[in-house]
Amino acid sequence: MNLSRLLLTLPLLGGLLAAQYTGEPPVVMQAAAANPQLGATALGVAQVQQILLVPHIGLGANWYYAAATVVRSGATSSFLQTGTFNSVTGAYTKNTDIDALTVAGDFALSISDDLQVAVWDAATGVKWAKRTGAAGPFGPAANVTGITGTYLDPNFGRINGKLVLFFITAGNTSISVGDFDANTGAVSNIRVVAAGSVVHSPTPMNDKTGETRCLVYNNGVSPRQARIATSIDNSGPDYLFYTNAAWLANGDCNGGTITLATAPSTYADPTRIGILAMNSVSVPAAGGPVTLAAFGPEKAAAATPYSGTILVGVLNAAAITLGPPIVGNLSLNPGSLVVLPSQAFDNASGSLSYSLFAPAQPSGTKLQAQPVLLDVNTATVYLGNTAQILWQ
């Protein structure tokens, strides 16, 4: 799709671009609740301090490689643990892939999407290890180079097809990402993705292809926050979508299904919440291709998929409440709307996406976008967060 026709309306609607209203956060589709399927009893431990679920074609539909930080029964320190998990049946099976490498105090285990590289926090720095296939023991371990510090919450993603590593920077006031070399363990081309007060636990939100489009992270202010950075270059809006008095930490995103490690005092069962969200993008002033992706809760492979679309337009002067059966507010000016062709969400990844062409525009030009999701089982329509297309 070409955005030229919509851009012609910008002079007519230019007054709206300076409005104080900044848009809508992701809409909650499934209320936050404890998830015992990934809790201590299910994993056979005393506490689950971090959980990550990595899809892989070799595991099958709704199966994930599970990477966790746990406190073992009778222990006081954290260790790493891996296994497999089925998000529909709740079946969890521990394996021994990381057992020979983990020592007391290890934390925040992440696994690459090909299941061949592991990275985690240790008292002596960020560690990494690899293996030649998608199964079997990792090792040996070595320090990641190109970044310094300890307990940086490292987490893998993929940007423009490249394996990248997200991590905490600047004393918990920003989150950065850098290209990760899976042969040497070196991080390079480091750039900031999100900033704030006491930010931590970066968790990529990936589309069906495995490309990272957004970043969920936590903020340690009280009450604790779960937030989404809608862009992966720090150019798009950032939204709060969940708060809790309990500590929220290193979790997982599969589509709009978010799982957060949760500690009212010690760690209890993780919290699961389902949201509708979408990404922001930036494009050169000369124009070029862009991908807009929407994320809803994952579903079983055989379930009726959600259907959805993305609205593109300019920001309205204020939110528009439409009422039942629509949940969430419209943030775009109704006279500016372009509605992209509807399509089904992919059940496993909880995502849909559109490839568009953005024509040349002066630097600083913006359009806004908002995802729409229809749940035919409940006859409910959801409106997600406001995103943007920014020419730079």
Side-chain angles (χ1 to χ4, degrees), residues 50 52-56 64-65 67 107-121 125-131 134 138 141-149 151-170 172-196 199-218 227-236 238 250-255 258 277 279-283 289-291 293 295 349 351 353 392:
Q50 171 256 334
L52 179 70
L53 303 175
V54 183
H56 187 269
Y64 297 92
Y65 190 92
F107 191 79
L109 176 62
S110 181
I111 308 293
S112 61
D113 54 5
D114 61 7
L115 305 186
Q116 294 186 23
V117 189
V119 66
W120 66 95
D121 278 322
V126 178
K127 298 286 188 181
W128 76 289
K130 64 183 300 184
R131 57 188 179 186
F138 290 97
N143 276 16
V144 170
T145 60
I147 58 176
T148 58
Y151 297 101
L152 303 182
D153 290 347
N155 209 343
F156 284 125
R158 196 166 289 275
I159 298 176
N160 296 324
K162 292 182 179 180
L163 186 65
V164 297
L165 189 69
F166 294 93
F167 55 97
I168 298 170
T169 45
N172 285 78
T173 60
S174 62
I175 293 170
S176 290
V177 64
D179 299 340
F180 186 86
D181 190 323
N183 294 312
T184 66
V187 178
S188 61
N189 187 28
I190 295 171
R191 57 272 193 200
V192 173
V193 180
V199 294
H200 59 96
S201 305
T203 306
M205 185 177 280
N206 302 329
D207 66 17
K208 183 180 178 180
T209 70
E211 186 78 6
T212 301
R213 302 294 179 186
C214 308
L215 188 77
V216 169
Y217 66 96
N218 297 116
R227 305 187 65 92
I228 183 169
T230 61
S231 67
I232 42 81
D233 62 2
N234 201 32
S235 65
D238 183 302
N250 309 72
D252 174 75
C253 297
N254 274 285
I258 316 298
N279 69 313
S280 295
V281 295
S282 57
V283 62
V290 297
T291 298
F295 299 90
S349 67
S351 70
S353 62
Q392 292 184 313

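Remember, it's a predicted structure, so these values are computed and weren't measured experimentally.
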Closer than 3.5 angstrom, by distance alone: can the side chain of [X] be matched with the main-chain N or O of [Y] as a donor-acceptor pair?
| X | Y | answer |
| --- | --- | --- |
| N143 | K127 | no |
| D252 | L53 | yes |
| N250 | S201 | no |

If you count the non-hydrogen atoms of other residues, nucleotides and ligands that lie under 6.0 Å from NZ in K208, is the total more than 12?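 No, the 6.0 Å shell around NZ holds no more than 12 heavy atoms from other groups.
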Minimum heavy-atom distance between [X] and [Y], given as atom pair plus value:
| X | Y | result |
| --- | --- | --- |
| F107 | W120 | O-CB, 3.5 Å |
| I228 | A277 | CD1-CB, 3.8 Å |
| C253 | I258 | SG-CD1, 3.6 Å |
| G146 | I190 | O-CD1, 3.6 Å |
| Y217 | H200 | CB-O, 3.5 Å |
| G157 | P204 | CA-CG, 4.3 Å |

D114: salt bridge (Lys or Arg N to Asp or Glu O under 4.0 Å) partners, not counting sequence neighbours: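 Counting only residues at least two positions away or on another chain, D114 forms no salt bridge (Lys or Arg N to Asp or Glu O under 4.0 Å).
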Pairing residues for D113 by the salt bridge (Lys or Arg N to Asp or Glu O under 4.0 Å) criterion, not counting sequence neighbours: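 D113: salt bridge (Lys or Arg N to Asp or Glu O under 4.0 Å) contacts with R158.
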Kindly determine whether D207 and S353 satisfy side-chain hydrogen bond (donor to acceptor under 3.5 Å, both in side chains), including the steps that lead there. CA-CA 8 Å; D207 66 17; S353 62; 5.1 Å; no
Give the C-alpha distance, both sets of side-chain angles, the deciding distance and a yes or no for side chain to side chain contact (heavy atoms under 4.5 Å, CB included) between N234 and V193. CA-CA 5 Å; N234 201 32; V193 180; 5.6 Å; no
Once rounded to the nearest 0.5 Å, what's the spacing between atom [atom1] of [X] and atom [atom2] of [Y]?
| X | Y | atom1 | atom2 | value |
| --- | --- | --- | --- | --- |
| I159 | R213 | CD1 | CZ | 10.0 Å |
| L115 | Y65 | CG | OH | 7.0 Å |
| I232 | E211 | CD1 | CD | 7.5 Å |
| D153 | N172 | CG | CG | 7.5 Å |

With heavy-atom distances below 4.5 Å as the criterion, would you say the side chains of [X] and [Y] are in contact?
| X | Y | result |
| --- | --- | --- |
| D233 | R191 | no |
| R227 | L215 | no |
| P202 | F167 | no |
| I147 | V126 | yes |
| W128 | L165 | no |

Could you go through the side-chain hydrogen bond (donor to acceptor under 3.5 Å, both in side chains) check for T230 and N279 one step at a time? CA-CA 5 Å; T230 61; N279 69 313; over 6 Å; no
Hey, is D181 close enough to K162 for a salt bridge, meaning N to O under 4.0 Å?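 Between K162 and D181 there is no salt bridge, as every charged N stays at least 4.0 Å from the carboxylate O atoms.
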Could you pull out all residues at least two apart from F156 that satisfy ring pair (Phe, Tyr, Trp, His ring centres under 6.0 Å)?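 Partners of F156 under the ring pair (Phe, Tyr, Trp, His ring centres under 6.0 Å) test: F180.
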Using the ring pair (Phe, Tyr, Trp, His ring centres under 6.0 Å) criterion, which residues pair with H56? Sequence neighbours excluded.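 H56 satisfies ring pair (Phe, Tyr, Trp, His ring centres under 6.0 Å) with no other residue.
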State which residues pass side chain to side chain donor-acceptor pair (under 3.5 Å) with N155; sequence neighbours excluded, sorted by chain then number.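 Here the qualifying residues are S110.
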Evaluation steps, side chain to side chain contact (heavy atoms under 4.5 Å, CB included), between V119 and K130: CA-CA 9 Å; V119 66; K130 64 183 300 184; over 6 Å; no
Which residues share a side chain to side chain contact (heavy atoms under 4.5 Å, CB included) with T148, sequence neighbours left out: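 So T148 forms no side chain to side chain contact (heavy atoms under 4.5 Å, CB included) with any residue.
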What do the steps show when you test F166 against T212 for side chain to side chain contact (heavy atoms under 4.5 Å, CB included), and what is the final call? CA-CA 11 Å; F166 294 93; T212 301; 3.9 Å; yes
Side chain to side chain contact (heavy atoms under 4.5 Å, CB included) between I168 and V199: does it pass, once the steps are laid out? CA-CA 7 Å; I168 298 170; V199 294; 5.6 Å; no
